[in-house]
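Some notes on the structure that comes next.
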Amino acid sequence: LADSGAQNQAETTVRLVVTHSNLQAKFMDIRLDLHMTIDAVKRKMCFHCGTPPSAQALQLKDERGRVVAALQDDSRKLGFYSPRDGFILHIVDTDPTSISANGWLEDVSKVEKYVMSDEAYAERDNTYRKYKEARLAADPTWTLQKEMAARKTASAGAAAIQVGSRCEVDGGKRGTVHYVGHVEGLPLGHWVGVQYDEPVGKNDGSIKGRRYFECSPGYGGFVRPCLVRTGDFPPFDED
């Protein structure tokens with residue numbers, strides 16, 4: 001029988017193995033559209049490994065691990081490099097101060113641990129074991145490394161974003177930052193609440209009945225810090 005994943009795969013989609021210079025874990029069977037720019041690929045990889053797009057140097061390797069191309073031009077489409085299913089997308093983290101360096105995200109021996117009996121641990125409700133089971137039930141691809149990387153990167157990026165700053169969000173949407181922090185009802189980690197200049201958002205500054213800032217319906221949105229740039233970004237009709 002033919003592979004069901006291959007049958008459902010679009011002609012413009014390629015399935016790659018993603019590896020990282022600082023992580024032993026591999027992200028298997030990641031689907032990417034050949035029409036994506038390399039910049040868009042980097043932004044998507046930010047969610048998987050936690051490395052900000054600006055600190056990513058991408059390499060395309062064949063099934064044997066031989067480098068086929070260096071994906072250096074962010075404006076190029078992924079299809080320009082002719083990747084095939086099973087090829088490896090290797091992420092080199094160029095940040096010497098990266099939280100993923102020196103095994104801090106994967107080597108549990110570096111973490112001071114509290115030891116208790118299995119019986120006592122099993123009786124507790126809020127344990128890592130039960131948390132892990134719940135996360136895997138919701139997302140079979142979940143790993144602790146992936147979540148820790150996302151949290152650390154989001155926290156570091158969020159610290160540089162100030163409420164009241166003008167910003168541009170991935171995709172060219174502009175607005176003003178109105179909230180930075182955790183959002184109940186969304187995945188763990190930091191989020192940036194943005195009031196957009198145009199009705200390109202998904203809410204009015206509230207999530208599941210809890211309000212984080214005020215704006216008109218359709219003008220609010222919550223995005224990860226790695227997708228937000230702050231600076232001199234006036235509304236487009238004022239450029």
Side-chain angles (χ1 to χ4, degrees), residues 13-113 132 135-136 139-161 170 187-190 192 223-229:
T13 300
V14 64
R15 295 185 294 177
L16 303 178
V17 176
V18 176
T19 59
H20 190 279
S21 60
N22 291 340
L23 302 175
Q24 295 181 9
K26 295 181 179 180
F27 305 102
M28 308 299 293
D29 208 30
I30 301 298
R31 300 192 179 201
L32 298 173
D33 194 293
L34 296 174
H35 295 306
M36 296 175 68
T37 63
I38 299 305
D39 179 67
V41 172
K42 288 181 177 180
R43 292 181 181 278
K44 182 169 183 176
M45 291 304 101
C46 175
F47 286 97
H48 290 283
C49 68
T51 299
S54 60
Q56 294 180 31
L58 301 184
Q59 297 176 345
L60 183 66
K61 301 181 179 181
D62 62 17
E63 299 92 335
R64 297 183 181 180
R66 297 174 298 190
V67 176
V68 175
L71 282 54
Q72 298 177 328
D73 187 343
D74 285 355
S75 64
R76 288 278 191 188
K77 300 259 181 96
L78 178 61
F80 173 81
Y81 299 97
S82 302
R84 298 201 302 265
D85 287 348
F87 270 25
I88 300 168
L89 181 64
H90 183 61
I91 303 168
V92 177
D93 191 329
T94 60
D95 181 2
T97 64
S98 174
I99 189 66
S100 64
N102 301 317
W104 281 102
L105 293 181
E106 296 182 309
D107 187 353
V108 295
S109 68
K110 297 178 180 288
V111 182
E112 183 177 354
K113 297 175 286 296
K132 178 180 179 180
R135 296 294 291 170
L136 285 172
D139 178 9
T141 68
W142 178 89
T143 65
L144 176 61
Q145 292 85 354
K146 182 167 66 173
E147 181 165 322
M148 288 180 67
R151 287 193 199 182
K152 293 295 184 181
T153 300
S155 178
I161 299 175
D170 184 44
L188 294 175
H190 283 73
V192 179
V223 295
R224 288 296 195 186
C226 65
L227 301 180
V228 178
R229 292 185 298 157

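Numbers here are sequence positions counted from 1.
Side chain of R31 to backbone of V14: no donor-acceptor contact under 3.5 angstrom is found. With hydrogens and angles ignored, the 3.5 Å screen pairs a side-chain donor or acceptor of Q56 with a backbone N or O of T51. Counting only distance, with no hydrogens or angles, the side chain of T94 and the backbone of A55 share a donor-acceptor pair below 3.5 Å.
Looking at K44, R224, R43, R229 one by one, the single match for salt bridge (Lys or Arg N to Asp or Glu O under 4.0 Å) with D170 turns out to be R43.
For I30 against F27, the heavy-atom pair with the smallest separation is CG1-O, 3.7 Å. The two residues P52 and C46 come nearest to each other via the heavy atoms CA-SG, 4.5 Å. In this structure, D93 and S21 approach most closely via the heavy-atom pair N-OG, 2.9 Å. Nearest heavy atom pair, residue R15 against residue D85, reads N-OD1, 2.8 Å. Scanning all heavy atoms of the two residues, the minimum distance from I88 to D62 falls at CD1-O, 3.7 Å. Across L60 and Y81, no two heavy atoms sit closer than the pair CD2-O, 3.7 Å.
Rounding to the nearest 0.5 Å gives a distance of 6.5 Å between CE of M28 and NZ of K26. In this structure, the separation between CZ on R76 and OG1 on T37 is 12.5 Å, given to the nearest 0.5 Å. Here the CG-CG distance, from L32 to L78, works out to 6.0 Å after rounding to the nearest 0.5 Å. Expressed to the nearest 0.5 Å, how far CG of L89 lies from CD1 of I38 amounts to 8.0 Å. Here L16 contributes atom CG and F87 contributes atom CZ; the two are 9.0 Å apart, rounded to the nearest 0.5 Å.
No more than 12 heavy atoms of other residues, nucleotides or ligands sit less than 6.0 Å from atom NZ of K77.
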